[in-house]
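Take a look at the structure below.
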Amino acid sequence: MPVANLASAADLPVKAPKPAADLPFFLVIDDRVTYSYIFSGTDPGVFSVRPDGSINGKTAKQVYSFTHFDIWAYGQNFFTISMYKSDHNDPASPCSNVGVTITGAPATCAGATEIYGLFRSTFGWNQIFNTKAFSMGPLNNISFEVGMDANTENNFLAPAKRDVVAGLQFEFNLPYKGYINVSPLMYYEFSNHNAFDQCGLFGPGVPGVTCLTDGNTKFNPTWAVEVNYYMDLGFLPESMQYFSISGRAGWYGKKGTENEPMAFNPVTNISTAVELNSEPIRLTFDASKALWGPKYSHFVDVWVAYRYWQNKFGLDHAKSVVCNVSPGVSNNSCTEESLYSGISVKF
């Protein structure tokens, strides 16, 4: 999440500061709405077969997002909620895959809709302890960090992910008012849902061994590392200083079996894999600054990015039956590589 360079700001010649009682509770508030488009998204296990026999595991997704960021006296808060609307290659229930229901009957279903929310909050050590001891060299601050993710989707799987994270954030300065934050965290996905695990769907089953009574999964706590960065391209000529780069990456450790807490099965319920969810590079054009001047910087941003997601949701793309139509033959749904583009408006 963005980091304000408060140390540098304090060095500037300014008027006498207001008394503490007059300072606003929030030092920065930034609210944005975004429309974006993922050209080649995926949803694990969802694919179609083209007329030539090749497998199509890709689905385009429209994304509508609201994002809030603020800085207050002791830290920062970041919240985003997004709606992902898939094309027909990622169908809504009652289809369990393209063109068929769970019973195998032919059907044409609308594309699935997912709602995903995420928040992260930090509490800076410099602010908590009223010191600058945690600012040295490129290190700007160390913070406690907490957060949560939640989602729901109207496909047959009917996921309902709930997870919490907690740990530290190390904030470093980059040139041209940039930053890079590195957060080692504990990650705990304490609840989710998988309709395919429901007892009675494929025969009575044995609860906890071959099925789950209510289809709800619960994974083990594991580690995570989240990284994000931002930097203006300040080395460009003055007439071209409308561009910036940013990016993020999150690594999430193995969290048990695919259908935890169901018993391990070497074919249908193997161990999860380390997940990488990333957007290594996003190039942003500050359209409002280019049109109306510096006063309106970042009111309207147009951007393009590269998105890479391996072992999506922890599923082993090389071994899981969800990710492969047969051993060694991928359905191309558990690794996502896509161009990603959008427009963001501040209000």
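Residue numbers count from 1 along this sequence. Basis for what follows: all heavy atoms, side chains included, without hydrogens, waters or symmetry-related copies. Nothing here was measured: the structure is a model prediction, and the numbers come from that model.
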What do you reckon, is [atom1] of [X] surrounded by more than 12 foreign heavy atoms closer than 6.0 Å?
X	atom1	result
K346	NZ	yes
K254	NZ	no
F172	CZ	yes
K319	NZ	no
F243	CZ	yes

Open item on the list: If the threshold is 4.0 Å, N to carboxylate O, is there a salt bridge linking E336 and R307?
Closed with: yes
If you define the side chain from C-beta out and look only at heavy atoms, does anything of [X] sit under 4.5 Å from [Y]?
X	Y	answer
I245	I281	yes
N151	D149	no
Y35	Y64	yes
E226	R120	yes
S330	H317	no
V46	S333	no

Does a donor on one side chain sit under 3.5 Å from an acceptor on the other, for [X] and [Y]?
X	Y	answer
D301	T284	no
D286	S297	yes
Q127	N141	yes
T122	Q169	no
T103	T101	yes
N77	S121	yes
T59	D87	yes
K161	Y116	yes

- [ ] Among F39, W303, Y37, find the one that has a ring pair (Phe, Tyr, Trp, His ring centres under 6.0 Å) with Y340.
- [x] W303
Open item on the list: Go through it in stages, so that I can follow the logic: the residues are N126 and S135, the test is side-chain hydrogen bond (donor to acceptor under 3.5 Å, both in side chains), and I'd like the CA-CA distance, side-chain angles, deciding distance and then a yes or no.
Closed with: CA-CA 8 Å; N126 281 336; S135 297; 2.8 Å; yes
Task: Those residues that, when tested against D31, pass salt bridge (charged side-chain N to carboxylate O under 4.0 Å, His left out) (two or more places apart) - done: none
- [ ] In sequence, state the C-alpha distance, the side-chain angles, and the governing distance for V304 and S341, and then conclude on side-chain contact (heavy atoms from CB on, under 4.5 Å).
- [x] CA-CA 4 Å; V304 62; S341 185; 4.2 Å; yes
Task: Test log, rule ring pair (Phe, Tyr, Trp, His ring centres under 6.0 Å), inputs Y229 and Y179 - done: CA-CA 5 Å; Y229 73 91; Y179 65 85; 8.3 Å; no
Open item on the list: Counting the benzene-type ring for Trp, do F196 and F156 have ring centres under 6.0 Å apart?
Closed with: yes
Task: With N155, the side-chain hydrogen bond (donor to acceptor under 3.5 Å, both in side chains) member among D43, N97, D90 - done: D43
Open item on the list: side-chain contact (heavy atoms from CB on, under 4.5 Å), that's the test. Do F123 and V146 meet it? Break it down for me.
Closed with: CA-CA 9 Å; F123 302 87; V146 295; 4.3 Å; yes
